[in-house]
Amino acid sequence: MSAAVPPVDVPTRPGGAPRITLIDAASAGLLLRQHFSSGDPGPVIASLAHVPELVGPTLPFLGAVLGPSWIPAREKEIVILRTSAVMGCRYCTEAHSVVALDSGLNVREVRALRGELPVGDVFTAEEERALVAWCDAVAQGAEADIRQARQVLDVDDARLVELTLLVATTVMLNRYATALALPTSLDVRERLLREDL
Amino acid sequence: MTALAQALAKGSLGNRLWLYSNYHCNLTCTYCLTESGPLVSRRELDPDTMVDLAHEARALGFTQLGITGGEPFLIPHMPELLLELSRVLPVLVLTNGTLFRRALLDRMAPLADADVTLQISLDHPDPVANDVMRGPQNFRKVVDAVPALLRHGIGVRIATTVEDPDADDLARLCALHRNLGITDDDHIVRPILRRGRARTGDMGVVARYLDLPPELTVTADGAFWSPFGPTVTGGVLDTDLLLTRTVRPLQRPVQAMLTVLGARPEGADSTLNIR
Ligand code: SF4
């Protein structure tokens, strides 16, 4: 079966002010000072800092799932960016557009993952199109789509587990960032402007 | 020996667990760390939770309880709650001492046989100077309440919080507390801390966490490094000394406290006499 990526509705990504105060270095609890010692740790940590005991377990988990691993960075960023776009998460889509560029994707690929160009026109490798289809199916959660996407995703169980946990974790972060309207950092905005994204 | 038992034995962690019973108060002192007053959010700790925490504290090795606020005696059943808490651990209660009219004094009577001590604030030997900081009639109510509580057999200490202690004022204050029946051992003098209303009012000394003796403190908003931690500035809870939002099991904030204690630089003892 070939990996055509069925059209998915990539929502627009509303902006707006954060729905919580972001903790700054002066207000960071005693367990968290290391995260603020070299400047702004970003809105995920600055929001989690309201509940200090969540930071300790959450960051290593996110690092293990989203950070460098045996799966190449390009592959992981395809998953994170595509999932974030399908979920309509402005914060994650913008932040990971930049990370995707830094992980070797080009601007057209980023645009395609963001739903601005057809994936099939931009991604020529069969396995990458299958990966995008897997992200779409898992993020949207329809059993029939997942079954169909699995038939064309030619990976072993270990890869499937890690890629699927990556989609699921990204969905979790997408919901979190969208619900709290986390703000895109200035340097990400500037980079996106420079890249015309 | 557990890490907690070691810290308690060495004195690197205070052996008293503090509980913020509530944040509201009948007074609005100019230097109040918690911006307390009659209209603020009460943020009470549920009495059953306080009793449960006392049992957990004892099981973990803490040997004393401290109750503070806000004004604890605005909580309707505080005398009865204190009696119950004192059956678990000895209790020190911080109070402004202005609510001890006849009816409340009568309800305090059973505490005469209990291990409960009240720490009452009195800042200046002159009624006018005292009341400028703490509110009208504060001086008179306190000098009435102290002997009345002592007559009921209840232990009392006096705490004086001052910006720039004047030796002559202090001497007169000490004469006054002795006259009220409070010994020098039961009088503490401490600086105003630049947090809460004192910070807004440009008063007090700045204290880093290392200047504050570590004493685990539980509030309705979470657990803090010290009873001087859960302060409020501009209506917003200060979180710089927050350890955890989760307070039960008490082991959770205890573990966080031990982690911070373990990362403390050597020889980082307090120098500001904040207690
Ligand atoms: S310092 Fe104490 S008595 Fe004064 S307002 Fe604050 S809580 Fe009330």
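The chains referred to below are lettered A, B, ... by the order of the sequence lines, with proteins before strands, and numbering in each begins at 1.
Under a cut-off of 6.0 angstrom, the local environment of CZ in B/Arg199 is sparse, with at most 12 non-hydrogen atoms contributed by other residues, nucleotides or ligands. In this structure, A/Asn106 places its CG atom where more than 12 heavy-atom neighbours from other residues, nucleotides or ligands lie under 6.0 Å away. B/Arg42 CZ: 12 or fewer foreign heavy atoms inside a 6.0 Å radius. Heavy-atom contacts from other residues, nucleotides or ligands closer than 6.0 Å to CG of A/Asp156 number more than 12.
Under a 3.5 Å cut-off, the side chain of B/Arg245 and the backbone N or O of A/Pro52 do not form any donor-acceptor pair. Within the 3.5 Å criterion, the main-chain N or O of B/Arg252 finds no donor-acceptor partner in the side chain of A/Glu53.
Between A/Ile23 and the choices B/Asp240, B/Leu242, B/Thr239, the side chain to side chain contact (heavy atoms under 4.5 Å, CB included) rule is met once, by B/Thr239.
Distance check: A/Leu30 CG to B/Thr244 OG1 gives 11.0 Å after rounding to the nearest 0.5 Å.
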